Amino acid sequence: MKNSISGLWLFAMVIVFMMILIAYVAISINYSNAYKLKTAMVTKIEQYDGWNSLSKRELDNMLYSSGYRQTGYCKKPDDGSKYIGVLNGNVTVNPVTMQNYCIYRTKRSERNGAEEKYYYHVTVFFGFNLPVLGDIYTFKISGETAEIYYPTNDVTF
C-alpha cells in the first residue's frame with residue numbers, strides 16, 4: 001500500500017510539471033505572435049507617415065488575415081492627450097470599453113524649437129485563457145514608431 005501511495009504522488013507531480021511547461025510554451029507562442037503583429041503595425045504606421053485612412057485599412061487587413069481577436073483596455077497617456085481604440089475596425093476616441101488595439105500620438109519639439117516630431121505608440125494585447133476558465137489574464141505589448149515629422153492625419157486625433 002505504501003508503494004502505491006508514493007507512486008500517486010509522483011504521478012501528480014509529473015502532471016503538475018507538465019501543466020506548467022505547457023502553459024509556459026503557450027504563453028511564449030502567444031507573446032511571439034503578438035510581438036510580431038505589433039512590430040508590423042508600427043512599420044505600417046511609419047510607412048504611411050502616421051495614423052490615417054491608408055494605415056488604418058492596412059492594419060485592419062493585417063489583423064483580419066492573422067485572425068487576431070484579442071481585446072484589452074487601453075491605458076490613458078500620461079500627458080492627458082487623446083488616444084484611439086479600434087475594435088473590429090471601428091475607431092473610438094478615448095474608449096472605456098475593451099479594444100483590439102490602441103494608438104496615441106505624442107509631440108516632441110527640438111531644443112531650439114525648429115521642428116516638431118511626432119511619435120505613435122501602439123498597444124496590442126494577448127491573453128492567457130483556458131477553455132473551461134476563460135480569460136485568466138491579458139498582457140499588453142507596446143511599441144513606438146520612429147519620429148515622423150509631418151504626419152498625414154485624416155482620421156480623428
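In this text, all values refer to a predicted model and were calculated from it rather than measured experimentally. One-based numbering along the sequence shown.
Contact check for Y83 versus P95: side-chain heavy atoms found under the 4.5 Å cut-off. Annotation: side chain of K44 is in contact with side chain of M62 (closest heavy-atom distance under 4.5 Å). Side-chain contact check for Y118 versus Y149: every heavy-atom pair is 4.5 Å or farther apart. Y101 places none of its side-chain heavy atoms less than 4.5 Å from the side chain of T71. Side-chain atoms of V86 and T92, non-hydrogen and from C-beta on, never get closer than 4.5 Å to each other. Side chains of K36 and N33 form a contact here, defined as non-hydrogen atoms less than 4.5 Å apart.
Between atom CE of residue M41 and atom OG1 of residue T123 there is a gap of 9.0 Å, rounded to the nearest 0.5 Å.
Side chain to side chain, S142 and E144 fail the donor-acceptor criterion of an N or O pair below 3.5 Å.
Here the side chain of Y68 pairs a donor or acceptor atom with the backbone of N100 at under 3.5 angstrom.
By the 30° and 60° cut-offs, the orientation of the rings of F126 relative to F139 is parallel.
Exactly one residue among I84, T145, V42 makes a side chain to side chain contact (heavy atoms under 4.5 Å, CB included) with Y120. That residue is T145.
By the side chain to side chain contact (heavy atoms under 4.5 Å, CB included) test, T106 pairs with D79, Y104, R108, Y119, H121, sequence neighbours left out.
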